Structure formats: structure tokens, C-alpha cells
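This report refers to the structure that appears directly beneath it.
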Amino acid sequence: MDAKRACVVVTGFGPFHGVEKNPTQWMVETIREKAQRGMGLDEGGQIVACAVLDVAAKNAKKCVEELVHMAENDAKGTQYVPVMVHFGVDTTREGIHVEQRAYNEADFRCPDNQGWQPKGQAIDESVGGRQQYITTTLPVPQLVRSCREKGFQVHASEDAGRFVCNWTFFQSLLLTRNKGYAVFVHVPPEHTCSLDVLGEFAWTFLNAISAYIATQPHSHA
């Protein structure tokens with residue numbers, strides 16, 4: 001068996017209620033520029049797509065479906081495996097938080113950009129009730145430790161909220177189940193952490209994921 005290689009899709013979000021400038025939009029655009037210049041990730045990983053999602057749950061779901069499908073097609077018949085890496089801003093937190101799970105609940109604190117504001121609603125009833133959650137299969141503590149060793153203030157988290165970030169992460173975990181990987185990272189607002197630091201962190205984090213994927217055996221079956 002050969003080692004796997006990471007086929008990475010990176011997403012961020014645009015503006016929404018209370019956030020006129022979303023730092024994750026800048027982060028994704030910076031990563032896209034690096035990929036366009038031919039910069040690859042550690043251990044043969046590649047960035048195959050970068051997208052800025054609207055903070056609208058139903059649009060985000062459609063976009064994630066399309067991006068996962070594209071990554072699966074790119075990886076088909078190769079040692080590459082789809083990896084969805086989502087970045088979102090949380091104005092209530094300090095530091096960077098890598099989310100380990102997404103809950104099957106939509107309980108929006110404010111309307112999304114399409115005016116939708118579900119309250120106490122299951123995202124997917126086929127999965128179960130609102131208390132159900134899906135956990136990423138990436139080793140978040142290991143990834144966090146790797147980034148902390150490089151000087152970044154990053155923490156593992158088990159609560160991605162119940163807004164569009166959690167919604168997007170939940171959809172991504174469902175879509176990549178048994179096919180690939182998905183992870184979500186909450187970053188603080190720009191006034192508490194500079195864009196330069198966020199950009200450096202994002203690239204470091206992507207390389208840590210790529211290095212981990214390369215340690216996993218790839219079956220030809």
C-alpha cells in the first residue's frame with residue numbers, strides 16, 4: 001500500500017451580520033495565490049480549490065456539496081484523498097480554535113445572509129436528534145500541538161456553535177464520511193490577531209494536515 005496524499009479544498013466566509021470584513025476571506029485568497037504560484041503542501045499534498053462562501057446556510061450546503069464532489073473526482077483512481085478545511089470567524093473568542101465536532105443543530109443567533117434564522121432545529125433528521133454530533137477523523141490534538149510548537153496560540157474545541165459555521169462543518173463531515181476528511185477552524189477577529197499571523201497559521205495548519213495524511217496507508221481497493 002502506498003501512502004495517501006492530501007487533496008485539499010479550503011473555504012472561508014464573506015461578510016455577515018456584525019462582521020463587515022471577514023478575515024477568513026483574506027486567508028482563503030492568500031492561500032489561493034500561493035497555490036496559483038505552484039506552492040504545494042508538505043509530503044506531496046495539493047490545494048485543488050479555494051472558495052469564499054456566503055454566510056447563508058443553504059447556499060453553503062450547495063457549495064460544499066459541489067466542492068466535495070470536485071475533490072472526489074480529482075482524487076479518483078489516485079493516492080489522493082479529499083480533505084475539506086473550513087475557516088470561519090468567531091467574534092466572541094480569543095485565539096484560534098480547531099473544532100473537533102459538529103452538532104446536528106441549527107439555532108442561529110441572528111439571521112443568515114438570506115434572512116433565515118432556524119431555532120432549535122435538527123440539521124439532518126436522518127442522523128438523529130439535535131444532541132447528535134459528528135466528530136472529525138483528523139487528529140485535532142496532534143494538529144494543534146504541531147501548530148503550538150511553531151508559536152501559534154491555537155486550541156482544540158468541542159463546540160463550533162450552532163450558526164452557519166457549525167452547519168457547514170456538519171454538512172462537510174457528512175459528505176466526506178468514509179471518503180475523506182473535514183475540519184473547521186474558528187479564528188478571532190482581525191483586531192485581536194493580525195492578518196499576517198492568521199495567514200501564517202493557515203499555511204502551517206494545512207501543512208500539518210498534509211503531513212498527517214501522508215502517514216496513512218492508501219488501499220488500492
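This one's a predicted model, so the numbers in the text were calculated from it and none came from an experiment.
Looking at Glu99 and Ser157, their side chains do bring a donor and an acceptor atom within 3.5 Å of each other. No hydrogens or angles considered: nothing links the side chains of Asp196 and Ser194 as a donor-acceptor pair under 3.5 Å.
Side-chain heavy atoms closer than 4.5 Å link hydrophobic residues (I, L, V, M, F, W, Y) into clusters, and following such links, possibly through other members, connects Met84 to Val127. One hydrophobic cluster, built from ILVMFWY side chains closer than 4.5 Å, holds both Phe163 and Val64. Residues Tyr80 and Leu175 are members of separate hydrophobic clusters, defined by side-chain heavy-atom contacts under 4.5 angstrom among Ile, Leu, Val, Met, Phe, Trp and Tyr.
The main-chain N or O of Leu206 is never found under 3.5 Å from a side-chain atom of Ser210 such that the two would form a donor-acceptor pair. Panel note: side chain Asp112, backbone Ala56; no donor-acceptor pair is recorded below 3.5 Å. Asn22 places no side-chain N or O within donor-acceptor distance of the main-chain N or O of Gly12, the cut-off being under 3.5 Å. Without hydrogens or angle criteria, Thr137 side chain to Tyr181 main chain gives no donor-acceptor distance under 3.5 Å. With Asn104 contributing its side chain and Gly128 its backbone, the two residues share a donor-acceptor pair below 3.5 Å. Of the possible donor and acceptor atoms, one in the side chain of Asn113 sits under 3.5 Å from a partner among the backbone N and O of Pro15. Proximity of a side-chain donor or acceptor of Arg93 to a complementary backbone N or O of Val187 within less than 3.5 Å is not detected. Side-chain atoms of Arg130 never come within 3.5 Å of backbone atoms of Gln121 as a donor-acceptor pair (strictly under, hydrogens ignored). Side chain of Ser146 to main chain of Gln142: no donor-acceptor pair is present (N/O by atom type, distance under 3.5 Å, no hydrogens or angles). A donor-acceptor pair under 3.5 Å is absent between the side-chain atoms of Ser172 and the main chain of Thr168, judged by distance alone.
Heavy-atom minimum distance, Phe169 versus Ala102: CD2-CB, 3.6 Å. Taking both residues in full, the closest heavy atoms of Val28 and Cys50 are given as CG1-CB, 3.7 Å, listed atom of the first, atom of the second, then distance. The heavy-atom pair separating Phe13 from Thr24 by the smallest distance is N-OG1, 2.9 Å. The shortest non-hydrogen separation linking Arg5 to Ile213 is C-CG2, 3.7 Å. Nearest heavy-atom pair, Leu67 versus Ala49, reported as atom, atom and distance to 0.1 Å: CD2-CB, 4.2 Å. When all heavy atoms of Ala160 and Cys165 are compared, the pair lying nearest together is O-CB, 4.4 Å.
Annotation: Lys76, atom NZ; neighbour count of heavy atoms from other residues, nucleotides and ligands within 6.0 Å does not exceed 12. Counted within 6.0 Å of CD on Gln153, heavy atoms from surrounding residues, nucleotides or ligands total 12 or fewer; the atom is thus considered open. Within a 6.0 Å radius of OH in Tyr133, other residues, nucleotides and ligands contribute 12 heavy atoms or fewer. When the shell of 6.0 Å around CD of Glu65 is examined, it contains more than 12 heavy atoms from other residues, nucleotides or ligands. Counting heavy atoms of neighbouring residues, nucleotides and ligands inside a 6.0 Å radius, atom CD of Gln117 exceeds 12 of them.
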Step by step, would you call Arg162 with Arg109 a side chain to side chain contact (heavy atoms under 4.5 Å, CB included)? CA-CA 8 Å; Arg162 301 295 185 273; Arg109 66 183 184 277; over 6 Å; no
Please step through side chain to side chain contact (heavy atoms under 4.5 Å, CB included) for the pair Asn73 and His69, ending with a clear verdict. CA-CA 6 Å; Asn73 283 340; His69 183 64; 3.3 Å; yes
Working for side chain to side chain contact (heavy atoms under 4.5 Å, CB included), residues Phe184 and Asn166: CA-CA 8 Å; Phe184 197 102; Asn166 178 75; over 6 Å; no
Can Glu72 and Lys179 be said to form a salt bridge (charged side-chain N to carboxylate O under 4.0 Å, His left out), step by step? CA-CA 8 Å; Glu72 287 175 351; Lys179 303 175 186 176; 3.5 Å; yes
For Val81 and Gln216: C-alpha separation, side-chain torsions, deciding distance, then whether side chain to side chain contact (heavy atoms under 4.5 Å, CB included) applies. CA-CA 10 Å; Val81 59; Gln216 304 305 295; over 6 Å; no
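Contact of the Asn59 side chain with the Gln114 side chain is registered, since non-hydrogen atoms from C-beta on lie closer than 4.5 Å. Between Trp26 and Lys21 the shortest side-chain heavy-atom distance does not fall below 4.5 Å. Considering only heavy atoms from C-beta on, Ile96 comes within 4.5 Å of Leu198 through its side chain. Side-chain contact check for Ile123 versus Tyr103: every heavy-atom pair is 4.5 Å or farther apart. The side-chain heavy atoms of Phe16 and Val89, taken from C-beta on, include a pair separated by under 4.5 Å. Using a 4.5 Å heavy-atom cutoff, the side chains of Tyr212 and Leu138 are in contact. Contact of the Val9 side chain with the Val68 side chain is not registered, since no non-hydrogen atoms from C-beta on lie closer than 4.5 Å. By the 4.5 Å heavy-atom criterion applied to side chains, Ile47 and Leu41 are counted as neighbours.
Considering CD of Glu94 and NE2 of His155, their distance stands at 9.0 Å, rounded to 0.5 Å. Atom NE2 of residue His186 and atom OG1 of residue Thr91 lie 9.5 Å apart, to the nearest 0.5 angstrom. A distance of 11.0 Å separates CD of Gln46 from OG1 of Thr78, quoted to the nearest 0.5 Å. Between the OG1 atom of Thr204 and the CG atom of Leu143 there is a distance of 12.0 Å, given to the nearest 0.5 Å. Residue Met39 holds its CE atom at 5.0 Å from NZ of Lys34, rounded to the nearest 0.5 Å. Note that CD of Gln132 and CD of Glu105 are 12.0 Å apart. Values are rounded to the nearest 0.5 Å.
Between Phe205 and Phe87, the two ring planes are perpendicular [angle over 60°; tilted spans 30° to 60°].
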